[in-house]
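Below is one structure, written out as structure tokens; comments come after it.
Everything quoted here is computed from the prediction, not taken from an experiment.
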Amino acid sequence: MTTDQATLANYRDVRVTHTHLQWQINWAEQLIAGWATLSVRPQTASAAAAVDKVVLDTSFLDIQHVDVDGKQVKWEKAERIEAMGEALTVRLDEPMTDEFKITIKYSTTKNCTALGWLTKEQTKGGKHPYLYSQSQAIHARSLLPCQDTPSIKSTYSASVKSTLPVLLSALRISPPASDPLPTSGQEIEYTYDQPVPIPSYLIAIASGNLAYRAFPPVPGRKWTAGVWTEPEAMEEAYWEFSEDIGRYIATAEDLTTPYEWGVYDTLVLPPSFPYGGMENTCLTFVTPVLIAHDRSLTDVCAHEIAHSWTGNLIGCASWNHFWLNEGWTTYLERMILNDMHGPAERDLSYIIGRKQLRAALAEMPPKYQKLVIDYERYADPDDGFSTVPYDKGSNFLLHIERTVGGLDVFRPYIKAYIQKFAGNVVTTDEWRAHLYDFFSKAENGEALVKKLDEIKWDEWLHGSGSDLPVDIKYDETLAQQCYDLANRWKAASEKDEYSSFSPEDIKDMSASQKIVFLESLKSEKKPLPVSTLKALDKVYNLDASTNGEIRLRWYGLALPAGTEYAKSAAAWVIDQGRMKMCRTVYRLLYAVAPELARDTFKAHAAFYHPIARKMIAKDLKLE
Ligand SMILES: *[C@@H]1O[C@H](CO)[C@@H](O)[C@H](O)[C@H]1NC(C)=O
Ligand SMILES: [Zn+2]
């Protein structure tokens, strides 16, 4: 078993096996209050080593009462350790060897880092408030007392009272899943059940004026899929996702194993949601940035779907091994693209990811450039979050795929990996041991093991540096025309002469190709002159692009050149809660117009989710 440095819980002595939540959403006070009942199983084998205390993770919770099997017990909350929170020690009256139940009466507080509370003005409909959680990495402890480590998985059930529809990362029991949710404004009790054990960071809640629409069923498949959003956004959300999501799930099943979670719903959140997507079980959360009105950004949905296997079914044993979640999931996301749209699409995604990886490696300190991160005690895993685990990780798997002889050889291994570890957590060493075991048993096992031995394991897993340990080539079929157009622009920039360009140049390009084009124009050494930027914007209307990914690349080009587009970047970033967008643009803005960056952030800090707010404040040196 691995050690998780980011928990204060005594999870080696006892394990939570089931969590029951009884909550009430208090909209006026912006808090959740109620009870958490944890079924706890001692891990010690003998009565002599019976446990006499349970230490749980909490963060900014107001704990009011604790009992064990119905009897009140002593408890104490330790002093706060930053990022880790306050350890809650529950004293057992008598040492325990069998399973018991701890019930804790508590409420969240204003300081809760997991919950985003929106006023009605911050929603699309403007009539009702809205609430949503984001618990990864270690924010679940500010939502409930728990063993907040990915190494512990528990089933969970919940009953939540609210005056607005409630969604949880679980199966709805009541009102029955077949019924639409009432929005009468009366308080109603919603009950949910998650029968598959999950880590605490996948416990999720959303409440607000939410409506549902089912996607067309995929013949021969057992799960259902649909979309949740505010009614005002339903038409566009349904249009954006209804074609792709079912096909992605079916393709992912064919690559791996049948989908185990019964329901795959997608909740489109308000713009302050800090991530592209969060793979909460049964209910993926996504940013509204994905609504591009051309279905061009649904690859994020493929990513979240892939997490149903890598991340949610097989979890990383600690945040040190987070790359096993994200590297594998990015690898599978691109395999879904491969199987639906061909290898050129797959590789275009690798090409875009590779650029993001270079940028991340240039920014992150060496300790966070590694695939396996050796977090210091009490380090905040949010600080180590970057595209490194995603893109270094997926490139590593691609490298292994090619090393053993390509996809035909690798596909059976993908299934075998899922089958081997489904329901469990895994460390990098355990993953590698299984990889060797699998290929050693293949027909030409000895030769395959020799090939695996040639991999620079240490460099890949524990090395830092500004690029991958091995140069990896991609299929450039779809990228070449982007490079060609970028080269024409670079030549035109030299002469400051742009009359040969027209909107036709990019008319037939996919959004991904436009991204590759813009990124190819970027030079680390010398920003484009303002006259070139103005010409680019005039021809392609980039400063008004409604595609967030394109807009992000545009500011990546425009801001390093000076303050010409600083104001428009500042105006854009106030509605962008997704950290990929807002953190990047704030940082770029800070480099050219620090006052504008800080003033903009200070004026709109309340818009951002607590996680994003904290990270931007750090980026702008406000903390
Ligand atoms: C909220 O956080 C601040 C700063 O850490 C602290 O002083 C305050 O006591 C906290 N409030 C609650 C209710 O935990
Ligand atoms: Zn992911």
Would Glu236 and Lys124 satisfy salt bridge (Lys or Arg N to Asp or Glu O under 4.0 Å), going step by step from the backbone distance to the final call?
-> CA-CA 13 Å; Glu236 53 184 24; Lys124 193 129 189 162; 3.2 Å; yes

What's the verdict on ring pair (Phe, Tyr, Trp, His ring centres under 6.0 Å) for Trp27 and Trp117, showing C-alpha distance, side-chain angles and the deciding distance?
-> CA-CA 9 Å; Trp27 290 101; Trp117 295 90; 5.7 Å; yes

List the steps and the verdict of side-chain hydrogen bond (donor to acceptor under 3.5 Å, both in side chains) for Thr266 and Trp228.
-> CA-CA 6 Å; Thr266 297; Trp228 289 94; over 6 Å; no

Let me see the working for Glu549 and Lys580 under salt bridge (Lys or Arg N to Asp or Glu O under 4.0 Å), right down to the final yes or no.
-> CA-CA 9 Å; Glu549 296 282 354; Lys580 177 179 177 181; 2.9 Å; yes

For the pair Leu61 and Thr109, evaluate side chain to side chain contact (heavy atoms under 4.5 Å, CB included) and give the outcome as yes or no after the intermediate values.
-> CA-CA 6 Å; Leu61 294 181; Thr109 65; over 6 Å; no

Carefully, step by step, assess Trp223 and Glu253 under the rule side-chain hydrogen bond (donor to acceptor under 3.5 Å, both in side chains).
-> CA-CA 11 Å; Trp223 36 265; Glu253 282 187 308; 3.0 Å; yes

List the steps, then state whether side-chain hydrogen bond (donor to acceptor under 3.5 Å, both in side chains) holds for Asp543 with Ser568.
-> CA-CA 8 Å; Asp543 201 43; Ser568 83; 3.0 Å; yes

Would you please test Cys112 and Phe60 for side chain to side chain contact (heavy atoms under 4.5 Å, CB included) and show each step?
-> CA-CA 6 Å; Cys112 177; Phe60 295 125; 5.8 Å; no

Carefully, step by step, assess Thr387 and Asp391 under the rule side-chain hydrogen bond (donor to acceptor under 3.5 Å, both in side chains).
-> CA-CA 6 Å; Thr387 178; Asp391 278 292; 2.7 Å; yes

Start with the C-alpha distance between Val227 and Tyr212, add both sets of side-chain angles, then the distance that settles side chain to side chain contact (heavy atoms under 4.5 Å, CB included), and finish with yes or no.
-> CA-CA 6 Å; Val227 63; Tyr212 176 72; over 6 Å; no

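A donor-acceptor pair shorter than 3.5 Å cannot be found between the side chains of His128 and Glu230. Neither side chain, Ser154 nor His18, offers a donor N or O lying under 3.5 Å from an acceptor on the other. In summary, the side chains of Ser135 and Ser133 do not present any donor paired with an acceptor at a separation below 3.5 Å, with no hydrogens or angles considered. Looking at Ser39 and Thr17, their side chains never bring a donor and an acceptor atom within 3.5 Å of each other.
When the side-chain contact (heavy atoms from CB on, under 4.5 Å) test is applied to Ser349, the partners found at least two apart in sequence or on another chain are Glu333, Arg334, Leu337. Taking Tyr156 as the reference, Ser169 meet the side-chain hydrogen bond (donor to acceptor under 3.5 Å, both in side chains) condition, with sequence neighbours excluded. Under the ring pair (Phe, Tyr, Trp, His ring centres under 6.0 Å) criterion, Trp323 pairs with Phe396, Trp431, not counting sequence neighbours. When the ring pair (Phe, Tyr, Trp, His ring centres under 6.0 Å) test is applied to Tyr106, no partner is found at least two apart in sequence or on another chain. For Tyr390, the ring pair (Phe, Tyr, Trp, His ring centres under 6.0 Å) partners at least two apart in sequence or on another chain are His303, Phe385. A search for salt bridge (charged side-chain N to carboxylate O under 4.0 Å, His left out) contacts involving Glu519 returns Arg553, not counting sequence neighbours. Here Arg172 pairs with nothing under the salt bridge (charged side-chain N to carboxylate O under 4.0 Å, His left out) rule; sequence neighbours left out. Taking the salt bridge (charged side-chain N to carboxylate O under 4.0 Å, His left out) definition, one finds that Lys153 meets it with nothing, sequence neighbours left out. Applying the salt bridge (charged side-chain N to carboxylate O under 4.0 Å, His left out) test to Asp382 and every residue at least two apart in sequence or in another chain returns nothing. With sequence neighbours excluded, the residues that form a ring pair (Phe, Tyr, Trp, His ring centres under 6.0 Å) with Tyr555 are Trp572.
A centroid separation of 6.0 Å or more is found between the aromatic rings of Tyr608 and Phe273. Aromatic pair His139/Tyr201: centroids not less than 6.0 angstrom apart.
When every heavy atom of Thr287 is checked against every heavy atom of Arg578, the shortest pair comes out as CG2-CD, 3.8 Å. Contact record, Gly126 with Thr123: N-OG1, 3.0 Å, taken as the closest heavy-atom pair. Closest heavy-atom contact between Ser200 and Cys146: CB-SG, 4.0 Å. Of all the heavy atoms in Leu255 and Lys415, the pair that sits closest is O-CG, 3.5 Å. The two residues Gly577 and Cys582 come nearest to each other via the heavy atoms O-SG, 3.8 Å.
Ion pairing between Lys127 and Glu121 fails under the 4.0 Å rule for side-chain N and carboxylate O. Ion pairing of Asp380 with Lys614 is present here, as a side-chain N (NZ or NE/NH1/NH2) and a carboxylate O approach within less than 4.0 Å. With salt bridges taken as basic N to acidic carboxylate O contacts below 4.0 Å, one links Arg221 and Asp254. Using a 4.0 Å cut-off between charged side-chain N and carboxylate O, Glu29 and Lys110 make no salt bridge.
Classification of the Tyr264-Tyr259 ring pair by plane angle, with boundaries at 30° and 60°, yields perpendicular.
Within the structure, the salt bridge (charged side-chain N to carboxylate O under 4.0 Å, His left out) test picks out no pair touching residues 279-297 (sequence neighbours left out). Residue pairs meeting the ring-ring contact (aromatic ring centres under 6.0 Å, His included) criterion with at least one member in residues 232-256, sequence neighbours excluded: Phe215-Tyr238.
Side-chain N or O atoms of Ser207 include one that pairs as donor or acceptor with a backbone N or O of Leu164 at under 3.5 Å.
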